[in-house]
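Note sheet for the following structure.
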Amino acid sequence: QSKQMTIASFFRKD
Amino acid sequence: MFEARLGQATILKKILDAIKDLLTEGTFDCSDSGIQLQAMDNSHVSLVSLTLRSDGFDKFRCDRNISMGMNLGSMAKILKCANNEDNVTMKAQDNADTVTIMFESANQEKVSDYEMKLMNLDQEHLGIPETEYSCVVRMPSMEFARICRDLAQFSESVVICCTKEGVKFTASGDVGTANIKLAQTGSVDKEEESVSIDMQEPVTLTFACRYLNAFTKATPLSTQVQLSMCADVPLVVEYAIKDLGYIRYYLAPKIED
């Protein structure tokens with residue numbers, strides 16, 4: 001089973 | 001005062017078509033360098049980054065930086081009212097709560113303008129880290145759209161595997177397994193038909209088909225698409241907009257639980 005990551009887990013808030 | 005004019009409304013129509021399925025609203029940040037929009041889709045799995053350079057416009061004036069929050073469905077309604085060959089001008093006063101979008105026919109005999117209310121959107125601007133990508137694939141955008149459409153029939157996910165031999169797209173589901181391999185093209189007459197792979201290290205990543213298919217709505221903007229991949233980071237799908245800028249889509253991978 002693969003889990004969908006979110007963008008926020010890679011890119012930080014400015 | 002902000003004013004930006006493009007020779008052909010068709011470009012703006014295509015840009016909107018490329019983002020409106022992923023985003024319901026977005027903030028256009030205008031400065032003297034141009035127009036930028038960055039926004040995540042509702043589920044925060046993908047991010048759209050649009051850059052339109054001021055020098056790509058027929059006329060561009062931005063005295064003070066302004067951020068214009070727009071409902072993209074409303075903007076699409078307005079752009080439907082333009083003919084492809086019309087000139088299009090966007091105008092807003094400083095601190096305005098509306099933007100005016102004006103269309104002029106080539107012979108100037110028909111002029112229409114639409115005033116649209118702006119929105120105050122919560123801006124969550126993300127910093128995108130500089131990344132050295134292991135693989136960068138360039139291929140015809142129509143081919144990429146075809147592959148995404150075909151593979152979506154077989155699975156919710158597609159595995160993209162890039163080696164120096166080529167790039168392979170795989171979808172496995174109840175029906176079975178579909179594999180599409182593209183090799184780097186040799187010499188081709190037309191650059192837009194070529195497939196090129198710039199590989200530092202082989203990479204295999206899994207992505208959701210529905211987002212890839214949403215990105216391919218940008219196909220009319222560019223004959224080529226660029227896929228940049230690196231292990232365990234978001235995929236970048238980039239469509240250049242000739243002489244104006246680019247649209248980049250970032251897609252978070254699926255990772256083994």
Side-chain angles (χ1 to χ4, degrees), chain A, chain B residues 22-23 27 29 36 38-49 67 122-131 133 155-160 170-173 204-212 214-215 228-237 248-257:
Chain A
Q1 268 299 314
S2 58
K3 178 178 148 201
Q4 176 64 65
M5 304 299 285
T6 63
I7 280 291
S9 52
F10 299 96
F11 300 161
R12 296 255 173 86
K13 263 189 210 183
D14 262 354
Chain B
L22 281 169
L23 311 174
T27 299
D29 293 311
Q36 287 200 301
Q38 191 208 78
M40 284 187 283
D41 73 280
N42 274 340
S43 53
H44 290 196
V45 169
S46 69
L47 178 105
V48 179
S49 174
S67 292
D122 263 344
Q123 290 218 63
E124 196 180 65
H125 208 269
L126 297 174
I128 299 166
E130 282 280 318
T131 305
Y133 288 96
S155 173
E156 287 179 1
S157 304
V158 59
V159 179
I160 306 178
T170 302
S172 294
T204 300
L205 287 163
T206 304
F207 299 102
C209 286
R210 58 180 283 246
Y211 292 96
L212 295 174
F215 303 164
S228 303
M229 287 169 287
C230 194
D232 301 325
V233 303
L235 162 76
V236 191
V237 180
R248 286 184 189 144
Y249 302 95
Y250 295 83
L251 178 58
K254 289 185 162 188
I255 286 179
E256 289 303 317
D257 226 353

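Values in this document were obtained by computation on a predicted structure and should not be read as measured data. Every chain is numbered from 1, with letters handed out A, B, ... down the list of sequences. Computation of the quantities below employed the complete heavy-atom set of this structure, encompassing side-chain atoms and omitting hydrogens, waters and symmetry-equivalent molecules.
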* Which heavy-atom pair separates Asp232(B) from Phe10(A) by the least distance, and what is that distance? -> O-CE2, 3.0 Å

* **Gap between atom NZ of Lys13(A) and atom CG of Leu126(B) - 0.5 Å precision** => 8.5 Å

* Asked: About how many Å separate CG of Leu251(B) and CE of Met5(A), when rounded to the nearest 0.5 Å?
  -> 12.0 Å

* Taking all atoms of both residues into account, what is the closest heavy-atom pair of Thr6(A) and Ala252(B), and its distance? -> C-CB, 3.7 Å

* Check Gln4(A) against Pro253(B) and note the closest heavy-atom contact, atom names and distance. => NE2-O, 3.5 Å

